[in-house]
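Just so it is clear, the values below take in all heavy atoms, side chains as well, and ignore hydrogens, waters and symmetry mates.
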Amino acid sequence: MTRILNISAYRFTPISDTAALRESIRSQAAAACLKGTVLLAPEGINLFLAGDAPALRAFVDWLRADTRFAALETKESWSRDVPFGKLLVKVKREIIRMNHPTIRPQLARAPAVDAKTLARWLDVGRDDAGRPVVTLDTRNAFEVAHGRFRGAIDWKLHKFSDFPQALLAQRDQLAGKTVVSYCTGGIRCEKAALLMAEMGVENVLQLDGGILKYFEEAGGAHFDGDCFVFDARERLDASLGEAATR
């Protein structure tokens with residue numbers, strides 16, 4: 001029986017008090033007996049937490065009381081056990097490292113497409129304007145190996161900070177298409193979409209909420225395999241349950 005709630009969430013928003021906020025979040029999360037990781041940076045917050053459902057949802061409500069996080073959207077899944085060994089709250093330079101300082105998602109969000117619309121486009125291979133649609137995986141190669149959108153472009157990244165160089169080398173293959181960048185929960189594909197637009201790629205969108213939101217809203221349509229997650233479960237299937245051992 002599944003009894004542990006797992007959430008992932010991120011929000012790009014300016015944060016100037018990262019050290020003080022770290023202590024407040026650590027105190028609140030520890031009091032709720034939550035485990036997982038919270039990353040803070042001047043550009044925003046990224047979190048993966050697990051625990052008792054009422055306690056975890058109360059923590060999210062507490063976080064949303066801060067106007068910077070009022071629009072924080074969570075992706076939920078369930079597990080029999082807590083898939084994290086401890087609680088970590090860290091301050092970083094970036095909540096997802098790209099090493100490209102002109103990309104500032106805390107100031108303007110990349111255009112997005114929702115899961116059901118993308119599934120509909122993939123059914124026919126074109127968007128509503130008639131342009132060919134391609135999906136671009138912004139995750140690391142070992143994550144892609146566990147599952148990806150059928151026919152997705154995979155630049156076999158070793159780490160996300162390799163994405164800018166890969167884009168410079170291969171952006172010509174994106175010309176004339178609607179490009180939908182995707183990742184696990186939305187954070188990497190949002191930065192990737194902003195960078196592609198900055199580098200002159202037209203018709204770029206991010207998949208809103210990433211693979212996890214897609215599974216929640218559209219199931220496994222057009223997706224082969226499972227979604228790798230960075231906790232003890234390792235892989236989630238399209239029902240957002242822990243994938244069976246192969």
- Presence of salt bridge, Asp123 and Arg120, under 4.0 angstrom: no
- Query: Hey, mind stepping through Leu205 and Asn203 against side-chain contact (heavy atoms from CB on, under 4.5 Å) and telling me if it holds?
  - Reply: CA-CA 7 Å; Leu205 301 165; Asn203 306 313; over 6 Å; no
- Message: Quick one, Phe149 and Asp137 - any side-chain contact, counting heavy atoms below 4.5 Å?
- Response: no
- Are the side chain of Arg64 and the backbone N or O of Leu72 linked by a donor-acceptor pair below 3.5 Å? yes
- Spell out, yes or no, whether Leu194 and Met196 are grouped together once hydrophobic residues are joined by side-chain heavy atoms under 4.5 Å, including indirect joins. yes
- Message: Hydrophobic cluster membership, with links at side-chain heavy-atom distances under 4.5 Å among I/L/V/M/F/W/Y: are Leu236 and Leu207 in one?
- Response: yes
- Item | From CA spacing to verdict: side-chain contact (heavy atoms from CB on, under 4.5 Å), Leu87, Leu49 | CA-CA 8 Å; Leu87 172 67; Leu49 292 170; 3.9 Å; yes
- Message: When you measure from the side chain of Arg171 to the backbone of Met199, do you find a donor-acceptor pair of N or O atoms at a distance under 3.5 Å?
- Response: yes
- Item | Lys/Arg N to Asp/Glu carboxylate O, Lys116 vs Asp114, below 4.0 Å | no
- Task: Using the rule that two of Ile, Leu, Val, Met, Phe, Trp, Tyr join whenever any of their side-chain heavy atoms come within less than 4.5 Å, decide whether Leu195 and Val204 are in one cluster.
- Result: yes
- Run the salt-bridge test on Arg68 and Asp17 with the 4.0 Å N-O cut-off and return the result as yes or no. yes
- Note on the structure: Nearest heavy-atom approach of Ala129 to Asp127 is N-OD1, 2.9 Å
- Residue pair Ser181 / Ala193: nearest heavy atoms and the distance that separates them: OG-CB, 3.7 Å
- Task: Check whether any side-chain heavy atom of Asp237 sits under 4.5 Å from a side-chain heavy atom of Arg235, and report yes or no.
- Result: no
- Message: Check this for me: does any side-chain nitrogen of one of Arg233 and Asp226 sit under 4.0 Å from a carboxylate oxygen of the other?
- Response: no
- Message: Between Ile96 and Glu190, does the side-chain contact (heavy atoms from CB on, under 4.5 Å) criterion hold? Intermediate values first, please.
- Response: CA-CA 10 Å; Ile96 184 67; Glu190 180 157 356; over 6 Å; no
- Here the gap from Arg80 atom CZ to Glu242 atom CD, rounded to the nearest 0.5 Å, amounts to 6.5 Å
- From CG (Asp162) to CG (Leu167), nearest 0.5 Å: 12.5 Å
- Message: Checking Ile153 against Leu174 for the side-chain contact (heavy atoms from CB on, under 4.5 Å) test, could you report, in this order, the C-alpha distance in whole Å, the side-chain angles of both residues, the deciding distance, and whether it holds?
- Response: CA-CA 10 Å; Ile153 296 171; Leu174 307 178; 3.7 Å; yes
- Message: Side chains of Ile25 and Leu40, heavy atoms from C-beta outward: is any pair under 4.5 Å?
- Response: yes
- Message: Among Lys92, Glu94, Arg93, which residue satisfies the side chain to side chain contact (heavy atoms under 4.5 Å, CB included) criterion with Glu43?
- Response: Glu94
- Are Ile4 and Phe84 side-chain neighbours, meaning at least one heavy-atom pair lies under 4.5 Å? no
- Task: State, to 0.1 Å, how close Cys227 and Phe215 come at their nearest heavy-atom pair, and which atoms those are.
- Result: CB-CE1, 3.8 Å
- Item | Pairwise distance CZ(Arg3) to CH2(Trp78) - rounded to 0.5 angstrom | 11.5 Å
- If you measure only the distance, is there a donor-acceptor pair under 3.5 Å linking the side chains of Trp155 and Gln165? no
- Item | Rounded distance [0.5 Å steps], CD in Glu143 versus OG1 in Thr184 | 5.0 Å
- Message: Let's go through Tyr214 and Tyr182 carefully: what are the C-alpha distance in whole Å and the side-chain angles of both, what is the deciding distance for ring pair (Phe, Tyr, Trp, His ring centres under 6.0 Å) to 0.1 Å, and is it a yes or a no?
- Response: CA-CA 10 Å; Tyr214 185 90; Tyr182 74 91; 8.8 Å; no
- Between His146 and Phe228, how do the two ring planes meet: parallel, tilted or perpendicular, split at 30° and 60°? parallel
- Would you call Lys213 and Glu73 a salt bridge, taking side-chain N to carboxylate O under 4.0 Å as the test? no
- Item | Closest heavy-atom pair and its distance - Ile95, Gly44 | CG2-O, 3.3 Å
- Glu202 atom CD: more than 12 heavy-atom contacts under 6.0 Å: no
- For Arg97, look at atom CZ and say whether over 12 heavy atoms of other residues, nucleotides or ligands are found less than 6.0 Å away. no
- Message: Looking at every non-hydrogen atom in both residues, tell me the closest pair between Lys177 and Val134 and how far apart they are.
- Response: CD-CG1, 3.4 Å
- Sub-4.5 Å side-chain heavy-atom contact between Arg109 and Asp208: yes
- Query: Do Asp231 and Phe48 have side-chain heavy atoms sitting under 4.5 Å apart?
  - Reply: no
- Item | Donor-acceptor side-chain pairing of Arg131 and Thr178 below 3.5 angstrom | yes
- Asn46 and Ala9 have their tightest heavy-atom pair at OD1-O, 3.2 Å
- Task: Report yes or no: do Leu39 and Val60 belong to one cluster of Ile/Leu/Val/Met/Phe/Trp/Tyr joined by side chain heavy-atom distances under 4.5 Å?
- Result: no
- Any donor-acceptor pair under 3.5 Å from Asp66 side chain to Leu63 backbone: no
- Item | Same cluster (ILVMFWY, side-chain, under 4.5 Å), Ile7 and Leu240 | no
- Query: Got a second to check how far Asn6's CG is from Thr74's OG1, nearest 0.5 Å?
  - Reply: 11.5 Å
- Is the backbone N or O of Gly185 less than 3.5 Å from a side-chain atom of Tyr10, with the two atoms forming a donor-acceptor pair by type? no
- Query: In Å and rounded to the nearest 0.5 Å, what is the CZ to OG1 distance from Arg188 to Thr138?
  - Reply: 6.0 Å
- Is there side-chain contact between Phe163 and Leu136, with at least one heavy-atom pair below 4.5 Å? yes
- Would you check if Leu212 and Ser77 make a side-chain contact, meaning some heavy-atom pair closer than 4.5 Å? no
